[in-house]
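A quick write-up on the structure given underneath.
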Amino acid sequence: MVSSALPSKRKSQPEKSQPENRGSAERPAQLLAWYDRHRRRLPWRAPAGQRSDPYRVWLSEIMLQQTTVKAVGPYFEKFLARWPEVSALGSADLDDVLRMWAGLGYYSRARNLHACAVIVMRAHAGVFPDTEEGLRALPGIGPYTAAAIAAIAFDRLTMPVDGNIERVVSRLFAVEEALPQAKPQIQALAATLLGPSRAGDSAQALMDLGATICTPKKPACALCPLNENCAARERGDQDTFPRKAAKKTGALRRGAAFVVVRGEEVLVQSRPAKGLLGGMTEVPGSEWLAGQEDAAALAQAPELADVKRWHRRLGVVTHVFTHFPLELVVYTAKVPARTRAPNGMRWVPIATLDGEALPNVMRKVVVHGLGE
DNA sequence: TACGCGTGGCA
DNA sequence: TTGCCAAGCGT
């Protein structure tokens, strides 16, 4: 329900210092009261009133970076079952962590997760730092995550600001400045929503509000506990916040992937540890370049003397990364039983591919290459 | 500062 | 179909 846009009587300045905005002092309490009635039950959340386990909070916060609650759920359970505490994770092999992370995306998170667990185990005796500053020094923990763990696990009086909270706050105060330039202003305004205690609940309340009521499109303002005091709603243009600078989309890149089958095995290699899909498993392939032709891609096939000719599969595999779309032509070949893998490559049974650290784009390639 | 970094769901 | 979006971080 979008009310008609009324002429705005007030300039669109943030209401930072406008005492005539009656009721704004009640927001922290209104927020917590709403949270106590409507909080979501999530696997990593402690029961109401109980302190959360820092390990679970940390693990969930890393997984939730730019990732939906729904996608994280099963991964969180898997990780917790296999590595119940930080010392167990710190003792694990990085390859095992990458395999368990496969499919969740943003794989540098998995490497940093493991590195962080090692540091906590060895340099902090297995105990997470309980301050924002201490947490911020750990790999994979930035300003948001440090504040979130400090508030949720250690009850520190700080307000983490994620995408949800940016949206809620930019609407509450009708912040006209565009992201990301508006981040400092939004951070300061968000801090005004903290009460004298329960910082972690205040943060999670804002996140739940953003996820369920103050949604990106068609926010359910009628159900919002703060709707009497929302500048954007008063103007009627709440769904135009937050303001954002236009983003550019990357150019299409093309390449070839080579699915080499030896009996019931397929040829794979590991990608370099850093960069795109760092440390993950892939089938050999050409470079991924904008404007590349098929012939150029085919010329980069792995050197296998036993391959008489490559068979090009019909169609292409498409995949869209955050910053560019990708089209891969898939070539296949069968080789004799004792063909040796080229340097740096290895044979993996097709039946165990599920356990490999295969990113989804490579799963698509393998399915396309092995399909009938 | 701005860009590189995955994936799946949604309208 | 296409673009947007989701509990950001590292460089």
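Worth saying up front: this structure is predicted, and the values here are computed from it rather than measured. Lettering follows sequence order; numbering is per chain, from 1.
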For residues 273-282 of chain A, tabulate all N or O donor-acceptor pairs below 3.5 Å that involve a side-chain atom, not counting sequence neighbours.
unit_1	atom_1	unit_2	atom_2	d
A:Thr281	OG1	A:Glu356	OE1	3.3
A:Glu282	OE1	A:Arg271	NH1	2.7
A:Glu282	OE2	A:Gln269	NE2	3.1

Taking DNA chain B as the partner, which of residues 133-154 of chain A come within under 4.0 angstrom of it by heavy atom? none
Give the rounded distance in Å between these two atoms: CZ of A:Phe241 and P of C:dC4. 19 Å
B:dG8 and C:dC9: how far apart are their P atoms, nearest whole angstrom? 23 Å
Between A:His319 and A:Phe321, what is the ring plane arrangement, given parallel below 30°, perpendicular above 60°, and tilted in between? perpendicular
Quick one: salt bridge (Lys or Arg N to Asp or Glu O under 4.0 Å) pairs with a partner in residues 360-370 of chain A, sequence neighbours left out? A:Asp354-A:Arg363
Using a 4.0 Å heavy-atom cut-off across all strands, classify A:Leu113 as base, sugar-phosphate, or nothing. nothing
Partners passing ring pair (Phe, Tyr, Trp, His ring centres under 6.0 Å) against A:Phe128 (at least two apart in sequence or in another chain): A:Trp58
Please list all pairs passing the salt bridge (Lys or Arg N to Asp or Glu O under 4.0 Å) test where one or both residues lie in residues 189-215 of chain A, with sequence neighbours left out. A:Asp36-A:Arg198, A:Arg40-A:Asp208, A:Arg45-A:Asp208, A:Arg198-A:Asp201
Nearest nucleotide by nearest heavy atom, which residue falls closer to the 5' end of DNA chain B, A:Phe324 or A:Pro180? A:Pro180
In residues 134-148 of chain A, what donor-acceptor pairs under 3.5 Å come from side-chain atoms, sequence neighbours left out?
unit_1	atom_1	unit_2	atom_2	d
A:Arg136	NH1	A:Ile141	O	3.3
A:Tyr144	OH	A:Glu61	OE1	2.9
A:Thr145	OG1	A:Gln65	NE2	3.0

Residues in ring pair (Phe, Tyr, Trp, His ring centres under 6.0 Å) with A:His38, at least two apart? A:Trp34
By the 4.0 Å heavy-atom rule, please label A:Trp44 as base, sugar-phosphate, or nothing. base
Check each residue of residues 50-64 of chain A for a non-hydrogen atom within less than 4.0 Å of any atom in DNA chain C, then write out the ones that pass by number, or none. A:Glu61, A:Leu64
Take the protein atom NZ of A:Lys244 and the nucleotide atom C1' of B:dA2, then report the distance between them rounded to whole Å. 16 Å
Can you tell me the distance, in whole Å, between the CD1 atom of A:Ile186 and the C1' atom of C:dG8? 15 Å
Taking the same atom, P, in B:dC3 and in C:dC4, what whole-Å distance lies between them? 15 Å
Just the rounded figure in Å: distance from C1' of C:dT2 to CD of A:Glu327. 15 Å
Salt bridge (Lys or Arg N to Asp or Glu O under 4.0 Å) with A:Lys183: which residues, sequence neighbours excluded? A:Glu166
Summary of protein contacts for nucleotides 6-11 of chain B, nucleotide by nucleotide, where a base hit scores B, a sugar-phosphate-only hit scores S (4.0 Å, heavy atoms): BBS---
Can you tell me how far C1' of C:dC9 sits from CG of A:Asp162, to the nearest Å? 14 Å
Determine whether more than 12 heavy atoms belonging to other residues, nucleotides or ligands lie under 6.0 Å from atom NZ of A:Lys78. yes
d(CG, A:Asn112; P, C:dT11) in whole Å: 8 Å
Quick one: salt bridge (Lys or Arg N to Asp or Glu O under 4.0 Å) pairs with a partner in residues 112-133 of chain A, sequence neighbours left out? A:Asp130-A:Arg156
Clusters formed by hydrophobic residues whose side-chain heavy atoms approach within less than 4.5 Å: which one holds A:Val329, and what are its other members? A:Phe258, A:Val260, A:Leu267, A:Leu298, A:Leu304, A:Val307, A:Trp310, A:Val316, A:Tyr331, A:Val335, A:Met345, A:Trp347
Assuming nearest nucleotide by heavy-atom distance, tell me which of A:Val161 and A:Lys274 is located more 5' along DNA chain C. A:Val161
May I ask you to say what A:Arg40 touches in the nucleic acid, namely base, sugar-phosphate or nothing, with a heavy-atom cut-off under 4.0 Å? base
Minimum heavy-atom distance between A:Ala357 and A:Arg99, given as atom pair plus value: N-CG, 3.6 Å
